[in-house]
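Following: one structure in structure tokens, then a few remarks.
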Amino acid sequence: MEPNETNPLKDGALTENSRGLGTVTMKMIKERAIEIAAMNGRGASELKPTDYVAANQELTGQPSVTPEEAALEDAPESERWDPVPGSTGQKTPATPSEDEDEEGRSDNEKLVDEGINAAENDNAEQAAKDAAENNL
């Protein structure tokens with residue numbers, strides 16, 4: 001076995017400078033849990049179960065994610081949040097806002113359209129006048 005490989009039979013065994021310190025004890029877990037609580041602004045009398053879990057995971061080298069979280073991380077982004085698995089959903093029809101007409105045009109769009117129509121009419125009238133003057 002290579003020196004860098006871990007021995008699965010020694011899970012939970014600690015080393016310091018390649019010198020074995022033995023198996024993780026409850027005393028070691030409690031001491032580390034107190035340190036974790038202190039880092040989170042709590043005293044030794046305010047330990048939470050999560051402090052013990054984190055301390056145990058750190059000392060034994062266990063991953064800090066649950067199998068469910070690991071499976072979720074492995075899932076494609078599109079499948080990570082699915083409120084009703086298998087449901088494709090449905091599109092909600094768009095409702096016009098207060099400043100839109102039945103065709104979905106806003107007040108500004110209606111004003112622009114009116115202005116364009118008025119300009120076209122003015123141009124047509126002017127062209128008709130010019131044509132009438134040229135024919136006289």
Side-chain angles (χ1 to χ4, degrees):
M1 181 181 288
E2 293 288 327
N4 292 343
E5 290 184 54
T6 59
N7 183 347
L9 298 177
K10 293 189 176 187
D11 276 349
L14 292 180
T15 61
E16 183 177 283
N17 296 328
S18 300
R19 188 181 84 234
L21 295 178
T23 304
V24 175
T25 64
M26 283 305 295
K27 180 182 176 190
M28 296 166 82
I29 293 173
K30 184 172 184 176
E31 288 172 357
R32 181 62 186 141
I34 291 170
E35 292 172 0
I36 292 171
M39 288 188 295
N40 291 315
R42 291 180 273 110
S45 62
E46 301 172 293
L47 288 176
K48 294 185 176 182
T50 55
D51 298 328
Y52 285 103
V53 171
N56 186 41
Q57 289 173 341
E58 286 180 18
L59 293 173
T60 59
Q62 294 176 356
S64 60
V65 295
T66 64
E68 292 83 12
E69 290 171 332
L72 186 61
E73 287 296 319
D74 291 338
E77 189 72 34
S78 61
E79 296 175 13
R80 290 188 183 182
W81 186 80
D82 191 1
V84 182
S87 171
T88 58
Q90 61 185 14
K91 184 173 179 151
T92 303
T95 57
S97 66
E98 293 177 12
D99 67 336
E100 292 180 350
D101 63 7
E102 298 79 31
E103 296 173 0
R105 297 181 311 163
S106 68
D107 291 338
N108 289 340
E109 287 177 292
K110 289 187 269 187
L111 289 173
V112 168
D113 288 344
E114 288 174 13
I116 290 171
N117 289 336
E120 288 174 349
N121 288 339
D122 288 345
N123 287 340
E125 287 176 14
Q126 187 63 42
K129 284 182 187 177
D130 290 347
E133 287 178 6
N134 288 336
N135 289 336
L136 288 177

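What you see is a predicted model; the values in this text were computed from it and never measured.
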Electrostatic pair Lys110-Asp107, nearest N-O below 4.0 angstrom: yes
Least distance between heavy atoms, Leu59 atom then Arg32 atom: CD1-CB, 4.0 Å
Transitive ILVMFWY side-chain link Met26 to Leu47, under 4.5 Å: yes
Gln126 and Asp130 side chains, donor-acceptor separation under 3.5 Å: yes
Contact summary for Gly43 and Ala37, nearest pair of heavy atoms: O-CB, 4.1 Å
Nearest heavy-atom neighbours spanning Ala54 and Ile36: CB-CD1, 3.8 Å
Closest contact, heavy atoms only, Met28 versus Thr23: SD-O, 3.8 Å
Minimum heavy-atom distance between Tyr52 and Ile29, given as atom pair plus value: O-CG2, 3.9 Å
Separation between CG of Asp113 and CG of Asn108, rounded to the nearest 0.5 Å: 11.0 Å
Heavy-atom side-chain contact between Lys48 and Asn40 under 4.5 Å: no
